[in-house]
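To start, the structure under review is shown below, and the notes come after it.
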There are 2 protein chains.
Amino acid sequence: MKLSQSEENYIKSIYNLQSKTEKVNTNSLAAFLDTSAASITDMLKKLKSKNLLEYKKYYGFRLNGAGNKQALKIIRRHRLWEFFLVSKLDMEWEKVHDIAEELEHVSSAELIEKLDRYLGNPKIDPHGDPIPDEKGVMPVLKQIALKDLPHKRNAVISSVSSQTPQMMEMLNHYGIKIGSPIKVLKSFVFDGSLQVKIAKQPECIISGLAAQNIFVYDT
Amino acid sequence: MKLSQSEENYIKSIYNLQSKTEKVNTNSLAAFLDTSAASITDMLKKLKSKNLLEYKKYYGFRLNGAGNKQALKIIRRHRLWEFFLVSKLDMEWEKVHDIAEELEHVSSAELIEKLDRYLGNPKIDPHGDPIPDEKGVMPVLKQIALKDLPHKRNAVISSVSSQTPQMMEMLNHYGIKIGSPIKVLKSFVFDGSLQVKIAKQPECIISGLAAQNIFVYDT
DNA sequence: TTTAATTTTTAGATTTGTCTAAATATTTTT
DNA sequence: AAAAATATTTAGACAAATCTAAAAATTAAA
Ligand SMILES: [Mn+2]
Ligand SMILES: [Mn+2]
Ligand SMILES: [Mn+2]
Ligand SMILES: [Mn+2]
């Protein structure tokens, strides 16, 4: 089934909202997509007629199995392109989302499978979000605090607990970015500080408090 | 100026037809784009109103300076993506056109400049067509005799010195076409003959005389 | 130089995705 | 439980890109 760019954007947005609330409602989707509620209703009818959506008038809606599968396909494309833009073209991870928003609609299956192979079948995008595989299965990644990461384990920065300017300043200084590969070399019992190696950076020391608030995927 | 996908496709097609005939006419563009003549007229009005086109009712049309510049920008994107698909993702050069037809409409300037750098600023796409630079200038490609092509260099058949029936018969037999990627694997000093690999053909031997009369773009 | 053939444009319709404003249904407050 | 507030849907309109069929202009033929 060939979907329009618009239909794909709606499906992806519904998927995202669904992961936060059971049933999605018209206004929240309208707000999310920055369109009118009337447009949402119009599209809901269309997606329902294409059997991608469970939809009961006035009572909210959800993607059904087929809809979810579609959403995961689009998310896969989006995140693979983001990974490409950052890892190969050396773009900054804050900038890649908008471009991936367009690239995700290029629909060749062969393209995406070859891109995936070329990138080394990455499991996490530059924002720390998991990349569904070719069957639409999200990899299960266990997230742990950096302080609990065993030594010498290859891990990837997945998130930080608070996005305050103070935290960002420090992360910036250390060259820590979501998606950066990281490895713990040594830990100091005295204050819980860690000596770590972050990809592309010289080795450095991170305080125990920071190590509690930085999370990684143990890969 | 932001152009729609449709507008971009029309501009590019007009550019291509223009390179063959001075003025383009409605029916030939309709045939080229496989649409109705009425649709062409509709779009011509639109492109004229956007000052990309010289257009006199019933008397044909041409892109103006701004229109040409736009066309070259789109062609640049198209050919860079084609190069990417073949050289990085290892797709076959016959298959990449349709995908590039979609990718070419992703409009980030930064994306294209980084892609260009990443690919090593290629000058020729996988079909042997030149890639305009970031200013829209088509590169002037140096053409050399196949016999002078260094080993293992990716080159593209650009022309043959004589188009006699005898020559054509031989080219046909070898599956040599303008635009075919070619690579020299080995040369024999004894008679100047070359072992070459032409895209999609099995390896073969070409005589020294033939190798003097076949020209390639060294990429 | 009329007439015929061809090309191009216009008129009017359709589909997709959007909007505003009004109507209707649901939920919350009194 | 009725009124008020909120959420959702419908009605009707619009712009973009397309189409078919008819009209008009140009070109070629008789
Ligand atoms: Mn998108
Ligand atoms: Mn992302
Ligand atoms: Mn295109
Ligand atoms: Mn090409």
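All values reported here derive from a predicted model rather than from experimental measurement. Naming: A, B, ... by sequence-line order, numbering from 1 per chain.
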| field | Integer-rounded Å distance: C/dT8 P and B/K56 NZ | value | 14 Å
| message | Measure CD/B/E8 against P/D/dA16 and give the value in whole Å, please. | response | 16 Å
| task | Check whether any side-chain N or O of A/T41 sits under 4.0 Å from OP1 or OP2 of D/dT10, and answer yes or no. | result | no
| query | Distance under 6.0 Å and angle within 45° of the ring axis: does A/K56 meet both against A/Y59? | reply | yes
| query | Side-chain N or O of A/K57 less than 4.0 angstrom from OP1 or OP2 on C/dT24? | reply | no
| field | Residues forming a side-chain contact (heavy atoms from CB on, under 4.5 Å) with B/V86, sequence neighbours excluded | value | B/W93, B/V96, B/P126
| request: Look at the side chain of B/Y59 and decide which nucleotide, out of D/dT27, C/dT10, D/dT10, has an atom nearest to it. | output: D/dT27
| field | Residue pairs involving residues 1-29 of chain B (criterion ring-ring contact (aromatic ring centres under 6.0 Å, His included); sequence neighbours excluded) | value | none
| query | For C/dT8, does either OP1 or OP2 sit under 4.0 Å from a side-chain N or O belonging to B/Y55? | reply | no
| Partner residues of B/R76 under the salt bridge (Lys or Arg N to Asp or Glu O under 4.0 Å) criterion, sequence neighbours left out | B/E113, B/D116
| By salt bridge (Lys or Arg N to Asp or Glu O under 4.0 Å), which residues pair with B/K114, not counting sequence neighbours? | B/E110
| query | Which residues in residues 19-31 of chain B have at least one heavy atom lying under 4.0 Å from any atom of DNA chain C? | reply | B/N25, B/T26, B/N27
| query | Among all residues two or more places apart in sequence or in another chain, which pass the side-chain contact (heavy atoms from CB on, under 4.5 Å) test with A/A31? | reply | none
| request: Take atom CD1 of A/I40 and atom P of C/dT18, then tell me their distance rounded to the nearest Å. | output: 8 Å
| Contact class for A/K45 vs. all strands (heavy atom < 4.0 Å): base, sugar-phosphate, or nothing? | sugar-phosphate
| query | With sequence neighbours excluded, what pairs up with B/K69 under the salt bridge (Lys or Arg N to Asp or Glu O under 4.0 Å) test? | reply | none
| task | Quickly work out the B/L3 CG to D/dA16 C1' distance and round it to whole Å. | result | 14 Å
Between the protein and nucleotides 19-23 of chain C, are there any N/O to N/O pairs under 3.5 Å, and if so, what are the atom names and distances?
unit_1, atom_1, unit_2, atom_2, d
C/dC19, OP2, A/S36, N, 3.2
C/dC19, OP2, A/S36, OG, 3.1
C/dC19, OP2, A/S39, OG, 2.5
C/dC19, N4, A/D42, OD2, 3.4

| query | Taking atom P of C/dT8 as reference, at what distance in whole Å does atom CG of B/L44 sit? | reply | 10 Å
| query | Looking at residues at least two apart in the chain, or sitting in another chain, which of them share a salt bridge (Lys or Arg N to Asp or Glu O under 4.0 Å) with A/E104? | reply | A/K12
| query | About how many Å separate NZ of B/K73 and CD of B/E8, when rounded to the nearest 0.5 Å? | reply | 9.0 Å
| remark: Between CD of A/Q5 and P of C/dT15 the distance, given in whole Å, is 22 Å
